[in-house]
Amino acid sequence: MSDFARLIDAWLDQEIEPHEVLQLQEYLRENPNHVQEFAEQVSLSCLLYKSHFVAASMSVAAAGKSVGDQELRSRPTVRAPRRGWVFGGIAVALATALILVIAPPGWLSVGNQGLTHRVDATQNRQGPAVDAFRSTAHPLLEVARIQSISDVDEATYRVGQRLIHGDRLQFGRGVMTLEFAVGATVTLAGPARLDISSSSRAVLHRGQVTASVTKSGEGFTIVTPYADVIDLGTRFGVNVRDNGEADVVVFEGRVEIDYRVREENEQSHRIRIERLGLSVGEAVRVEGYGNCFRIPVIHQQAGSEQWSTGITETNSSLIASLSDNLSKSDRPMYYGVVPGGFGEDAPAYLDRPHEWNSMPGASFPDVLDGRDYVRLRNDLKYVLGLKLSLELRRTASIYVLFDDRVPPPEWLQQGFTLTNLRIGMDEAPPDRSGAGWHVPTRDPLASGPGRSVDSGFAVWVRHCAGPETVVLGSLIEREMTRTQNVDESSIYLGGLSMYGIVVAPNPAVANEPGVP
Amino acid sequence: MSASNFAREWTRAQQSVLAFIGSLVVDHANAEDLLQETASQAFAQMERYDATRPFLPWVLGVARYVVLEHRRTSARDRHIFDDEIVSQLAEAFEAISNRNDRVYRALAVCRERLSPRSKFVCRLRYEKDLPLLEIAGQLGESVGSVRALLHRARQQLRACIEQALRAEGAAT
């Protein structure tokens, strides 16, 4: 096989490296026959995609499938068959044109990007002809649930509504759940404006998206004014404000952020792309071109997809703020504050699926039940010298839940009092993401009091008389490693757990008039 | 140009437009997304199209713009040739555009003549869009072996298609 043929194969098989593209370009430049050969091969490859898609569609539509079909479909596949909609997508592209033919005036509007048309999904039902046509187009996504949306006509959106390329979703308050065919579930919270670009790409102009993406939907992308957020098989959130700033939070797995950096000189400017990887328990704000900042606290609503980076009417808690002494070069970790969320089976950490539970045979401590708590990253247990500053909004008690297997550090013994309360933890086995933490094999998580508890935690308390700031330290004290002559870098904390934090009204003043 | 004329012209041109985009963007799924974007943008600019001139070169120009925009805003797909090569490719796709339908018909027949193993690999590659590494994993073979198998399958298909087109030409 010639080198030219090898490079064409690499292109067609999507394996080509950047330096090979340059080599291929040289071959194309040196001989017009090479251009013709390359064009014919690419053309054949596109027709192969089309013919396989059509054949697969027909075989699915047919009552009986061949043995070959069943064999192919029974195998686990990692990537989504995007052509499931893509050649449908060609139909959709054509559909766009055809809809234009039959749509009444005003059905289309020119988007704010000038050239791009936008079909407002609010106009989806502009007549039986359009309805009939849309019902034949391959939908990219479907509206799965609508909760109390406002600022739109009541009939604008409906559950089961199918959307195609170019559609726009826009509403005031409320929440809409969208099921993308590629394998992504997106919760869109208003005020929101979202344009559908493809089965795996949407442009978020305003509002909050929380996306759960299956393996087949990997690569699902939310485009914002200053950055693209690309899923790598995960659950993540993006919130875009009116000024284009975007908050990006990773709840599971990992995303990549392609953020735009503006380079200017006297004559001109250009935009280049920088990439930032973001893992579970990390959050950043992209402010304008090239400015990414860590978001230290994410407020989460217990048992809900709702989250925010600031205090709202519904997430106010006794915790006014949390900050730490991690340097700017550290990963952009956040702390999850869950108002009123502590209780049986409450998620313990951001980076592990472990849950808090009552100890076997004991009831859940009343004083902790339904209180505000903080979800830390369990990996913080490795950060020696950690200083975690917790600022209270008002008089309150801080409870620290501390792993029985770890000697209580000095900051805990001096600043807190050991209670006779105890709490348990249901530790999960390593998850499918292969995060690779080293715990012994555990039973799967279980629900309910005292079930599947793998380790016990002592409860320490500090009653604070006012809105003070309390500094908590690291799980293991650096001094301890020194006295025991252990190298910090070799310290092994596998199987041990980071402490937990619960904040409750101070019982000494909780019953006083005027104290909520 | 009326919308109905646009729809008709687009129907004829879209396979060539997709192939042209596929020669500028490695990822086929991306190429398909960009095809949709090209359709949208071409429609939005329809009034600028001079209906006395051929539609395909004009819409390939729109596609070229769409691909360049994609390249500017995406760090993922930086594979693209210089302007001279892109122009030559556009001309090459124009030149072969009139035979797409015949090639497609012949392809349906020729696919059936592949060996069962080649057929299966082609289906994993073109129906499931699996990368070679995953195809190799499913078959329990090396990536090199899958690569060679796909290369041979495409060569066989091209030879078969050329033969079919020659026979069709002789018959007419």
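Just so it is clear: chains get the letters A, B, ... in the order the sequence lines come, proteins before strands, and each one is counted from 1.
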message: Testing the basics here: between A:Q25 and B:D82, what is the closest heavy-atom pair and its distance to 0.1 Å?
response: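 Of all heavy-atom pairs spanning A:Q25 and B:D82, the closest is OE1-N, 2.7 Å.
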Grab the two heavy atoms, one from B:D33 and one from A:S200, that are nearest each other, plus how far apart they are.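 Smallest heavy-atom distance, with atoms named: OD2-OG, 4.4 Å.
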Backbone N or O of A:S51 within a donor-acceptor pair of the B:R111 side chain at under 3.5 Å?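 Checked: pair present.
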Side chain of B:Q88, backbone of A:P32: donor and acceptor closer than 3.5 Å?
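Flag not set: sc B:Q88 to bb A:P32 has no pair under 3.5 Å.
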>> With a 4.0 Å cut-off on N to O distance, would you call A:K50 and B:E32 a salt bridge?
In response: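 Judged by the 4.0 Å cut-off on N to carboxylate O distance, A:K50 and B:E32 do not form a salt bridge.
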Which atoms of [X] come close to chain A, meaning under 4.5 Å heavy atom to heavy atom: side chain ones, backbone ones, both, or neither?
X	answer
B:I161	side chain
B:V143	side chain
B:L89	both
B:Q155	side chain
B:E91	neither

- prompt: Aromatic rings A:Y49 and B:H28: how do their planes relate, parallel, tilted or perpendicular, breaks at 30° and 60°?
  reply: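 Taking B:H28 first and then A:Y49, their aromatic rings lie parallel (interplane angle under 30°).
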Quiz item: Can you pull the disulfide bond (SG atoms under 2.5 Å apart) pairs that have at least one residue in residues 112-143 of chain B, sequence neighbours excluded?
Solution: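 Residue pairs with at least one partner in residues 112-143 of chain B: there are none.
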Requested in this report: Test A:D9 against B:R154 for side-chain contact (heavy atoms from CB on, under 4.5 Å), laying out the working first.
Outcome: CA-CA 10 Å; A:D9 276 353; B:R154 285 191 289 252; 3.1 Å; yes
Item to complete: Quick one: do B:R158 and A:Q41 satisfy side-chain contact (heavy atoms from CB on, under 4.5 Å)? Show the steps, please.
Response: CA-CA 8 Å; B:R158 287 188 75 196; A:Q41 293 238 36; 3.4 Å; yes
Item to complete: Output, in order, the C-alpha distance, side-chain angles, deciding distance and verdict of side-chain contact (heavy atoms from CB on, under 4.5 Å) for A:L48 and B:L157.
Response: CA-CA 10 Å; A:L48 273 164; B:L157 288 171; 3.7 Å; yes
Contacting region of A:T221 [heavy-atom separation from chain B under 4.5 Å] |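 When you check distances to chain B, no heavy atom of A:T221 falls under 4.5 Å.
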Where does A:L12 contact chain B at under 4.5 Å (heavy atoms): side chain, backbone, both or neither?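 Both parts, backbone and side chain.
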query = Does the pair A:S43 and B:V103 meet the rule for a side-chain contact (heavy atoms from CB on, under 4.5 Å), with working shown?
reply = CA-CA 10 Å; A:S43 191; B:V103 170; over 6 Å; no
